[in-house]
Amino acid sequence: MLDYNPKLKPLSRRLRTGMTEAEQKLWGRLRGKQLQGVQFYRQKPLGPCIVDFYGPKVKLVIELDGGQHDEESHRIRDTARDEWLRQQGLRVLRFDNLQMLRETEAVITEIWRVIGERLNPP
């Protein structure tokens, strides 16, 4: 696993107890190795940030974004975070909270597809 800032651990614990409805719905589909046997962690500290979901076996980060991520300052910060994560060899998938709530199966299908690619590279 990647190193992380130990000062982020208390915040990640608090975030786990206050997950959004979309995060709870996705966690219900990720927990217990339901997708191709891959273990995911929620609100996981990685380096200088906390990611929503992380599957270390496939080096996959999944982020669910609320409306505040449409603001310019959030987009800039998200872009910088995603670039740092990519530099660590991780794949980042971003979905909108509404997409997760309204198009759950489409989101799960895309995650399944990417897991398959990561497990069986060409």
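For the atom pair L101 CG and T20 OG1, the distance stands at 7.5 Å (nearest 0.5 Å). The distance from the CG atom of L90 to the CG atom of L46 is 6.5 Å, given to the nearest 0.5 Å. Interatomic distance, CZ of F53 versus CD1 of I111, reported as 8.5 Å (0.5 Å rounding). Within the model, atoms CG of L30 and CG of L35 stand 5.5 Å from one another, a figure rounded to the nearest 0.5 Å. Here CG of L93 is found 10.0 Å from CG of L64. Values are rounded to the nearest 0.5 Å. Expressed to the nearest 0.5 Å, how far CG of D52 lies from CZ of R42 amounts to 11.5 Å.
Formation of a donor-acceptor pair under 3.5 Å by the N97 side chain with backbone atoms of A22 is not found in this model.
Residues C49 and L85 approach most closely at SG-CD2, 4.3 Å, considering heavy atoms.
By the side-chain contact (heavy atoms from CB on, under 4.5 Å) test, Q34 pairs with R31, sequence neighbours left out. For T104, the side chain to side chain donor-acceptor pair (under 3.5 Å) test picks out K25, with sequence neighbours left out. For K33, the side-chain contact (heavy atoms from CB on, under 4.5 Å) test picks out Q39, with sequence neighbours left out.
Among pairs with a residue in residues 100-110, those fulfilling salt bridge (charged side-chain N to carboxylate O under 4.0 Å, His left out) read R29-E105, E110-R113, at least two apart in sequence or across chains. Residue pairs that meet the side chain to side chain donor-acceptor pair (under 3.5 Å) test with at least one member in residues 81-92, sequence neighbours left out, are E63-R81, D82-R94, E83-Q87.
Both V114 and W112 belong to a common hydrophobic cluster when Ile, Leu, Val, Met, Phe, Trp and Tyr are linked at side-chain heavy-atom distances under 4.5 angstrom.
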side-chain contact (heavy atoms from CB on, under 4.5 Å) evaluation trace for K57 with L119: CA-CA 8 Å; K57 181 177 180 179; L119 286 172; 3.8 Å; yes

Worked verdict on V51 versus Y41 for side-chain contact (heavy atoms from CB on, under 4.5 Å): CA-CA 9 Å; V51 300; Y41 299 91; over 6 Å; no

Stepwise side-chain contact (heavy atoms from CB on, under 4.5 Å) check, F40 with L26: CA-CA 11 Å; F40 278 89; L26 181 55; over 6 Å; no

